[in-house]
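Right, one structure below, let's go through it.
When a ligand or atom number is given, it counts from 1 through the structure's own listing order. Sequence positions, counted from 1, serve as the residue numbers for this chain.
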Amino acid sequence: MTTRINAVPHAVPAEEAAVPFADCHISTEAQTAALRVLRSGWVTTGREVAAFESEFATSVGAECAVAVSSCTQGIELALRSLGLPPGSLVLSSTMTFCGAVQAIVHAGLQPVLVDVDPVTGMPTRSTVRNAVRSFGPPAAMTLVHWAGDVADVPGLADAAELPLDRVVVDAAHALGTYAGSTPIGSGCGATCFSFYATKNLPLGEGGMVTTDDPARAEWLRKARLHGMTADAWRRYLPGGGWRYNVAEAGLKANMTDLQAAMGRAQLAHLPSWQRRRAQIAARYDDQLAGLPGVRLPHRPDPGTGTHAWHLYPIRVQLNGGIDRDEVIACLSERAIGTSVHFIPVHRLAYFSQAALIPSMGLPGADVLFEQLLSLPIYPRLTDRQIDAVCTAIADLAHQGLTGKGTE
Ligand SMILES: *Cc1c(COP(=O)(O)O)cnc(C)c1O
């Protein structure tokens, strides 16, 4: 980090102003914890996992937490725990990560893609009802708190005529999201978190499923490790028996103690990391508000919740015909990394066949996709880097106004 006074950002040479899109910060405490586990002689699922589960459950206000190898596997397990007949319909937003819909397929169920409001990036009661009208009543739905914003879980479950325990929340973006004053993690069938390298609590890989139903947690605990009778790992402890039984086809989706020990250490940093994410979002807001052709991310109305700011997705529709892809290219020339979350699932070849898509298409997601642009946001992003990103976008927005190609 430099202590130099802010230079005029666009005058800073590219290599100095470089702003990577993402950052995977493994704190020194997590590194120490990893070493402790590596030296302990027990690296796979064990005591650290049990401790991480209980600390995580407390932090999101859930009864139970079951650690898994990824959020994707967590969603598949959560759906399997519903015990639905094969081929049952499961609603999912099309504006999500492909893995979340792969999970529906791998659970033996039929994904039905739901359109989104281009302003919030999430389904509405009306888009949910359209999907239900097109294909009939679903057996379950997955709901993503897109970008870390608050999805209306009760309202959308109601529109789908589903009880809340048939809703699997994809909280890959929502560690740190609050609905009202309640953290995301309870109140529905299951909630699935991701600890992938770019997420708000990065471990590299890993996931957690929370639920208020101890019987479901018990089922998940077996199903994540080959369906073996609970606490199979205790077999290897002194006094542990070698016998086990298998009641059904489980997955291999357990978390290791190495990840869990890191997770416990990372969790202690989460509140300060979340405060920094909110500061970054506010700084972006200040500098980008009012720029021609730039729309700020949607956020919860005051008093209705807290955004986790996993992503900061702006919408760009610049004058002068500069499209989103050109904005990405121009920013990249200034060594500023950006991304797009997401390519709507219905536009991916496999899902255009394998998923059910209403005949009127998913126009809200298509419109949004053309304009979407995720800016860098992570706790170690500096004010100077934020300012460099904003200056670059402001230059493009104003260049668009004066007409591209006139220089
Ligand atoms: C990252 C992500 C996932 C997948 O998480 P993994 O832990 O990598 O499996 C699922 N859904 C959404 C919305 C994501 O962004």
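Of all protein heavy atoms, the one lying nearest to atom 10 (C) of ligand 1 is D170 OD2, 3.6 Å. Protein heavy atom nearest atom 15 (O) of ligand 1, with residue, atom name and distance: H173 NE2, 2.7 Å. Closest to atom 7 (O) of ligand 1 among all protein heavy atoms lies S194 OG, 2.7 Å. If you check which protein heavy atom lies closest to atom 8 (O) of ligand 1, you get Y196 CB, 3.9 Å.
Only the side chain of F342 comes within 4.0 Å of ligand 1, judged by heavy-atom distances. Of all the heavy atoms of T72, the ones lying under 4.0 Å from any atom of ligand 1 are found in both the backbone and the side chain. Contact annotation: for H341 versus ligand 1, there are no heavy atoms closer than 4.0 Å.
With ligand atoms numbered from 1 in the order given, ligand 1 contributes 7 (O) to contacts under 4.0 Å with heavy atoms of G206. Counting the atoms of ligand 1 from 1 in the order shown, those under 4.0 Å from a heavy atom of K199 are 1 (C), 2 (C), 3 (C), 5 (O), 14 (C), 15 (O). Residue V144 has at least one heavy-atom neighbour below 4.0 Å for each of these atoms of ligand 1: 13 (C). Taking a cut-off of under 4.0 Å to the non-hydrogen atoms of T96, the atoms of ligand 1 that pass are 13 (C).
For the pair L77/L251, a side-chain contact is recorded, criterion being any heavy-atom separation below 4.5 Å from C-beta on. Two residues are said to be in side-chain contact when any heavy atoms from C-beta on lie closer than 4.5 Å; V68 and M255 fail this criterion. Residues E63 and T211 fail the side-chain proximity criterion, which asks for heavy atoms closer than 4.5 Å. Side-chain contact between V90 and P111: absent, with no pair of heavy atoms (C-beta onward) separated by less than 4.5 Å.
Using a 4.0 Å cut-off between charged side-chain N and carboxylate O, E76 and K252 make no salt bridge.
In this structure H310 satisfies the side chain to side chain donor-acceptor pair (under 3.5 Å) test together with N200, sequence neighbours excluded. Partners of D117 by salt bridge (Lys or Arg N to Asp or Glu O under 4.0 Å), not counting sequence neighbours: none found.
The aromatic rings of F52 and F195 sit tilted relative to each other, their planes meeting at an angle between 30° and 60°.
The heavy atom nearest to atom 12 (C) of ligand 1, out of those in A100, G99, A172, is found in A172.
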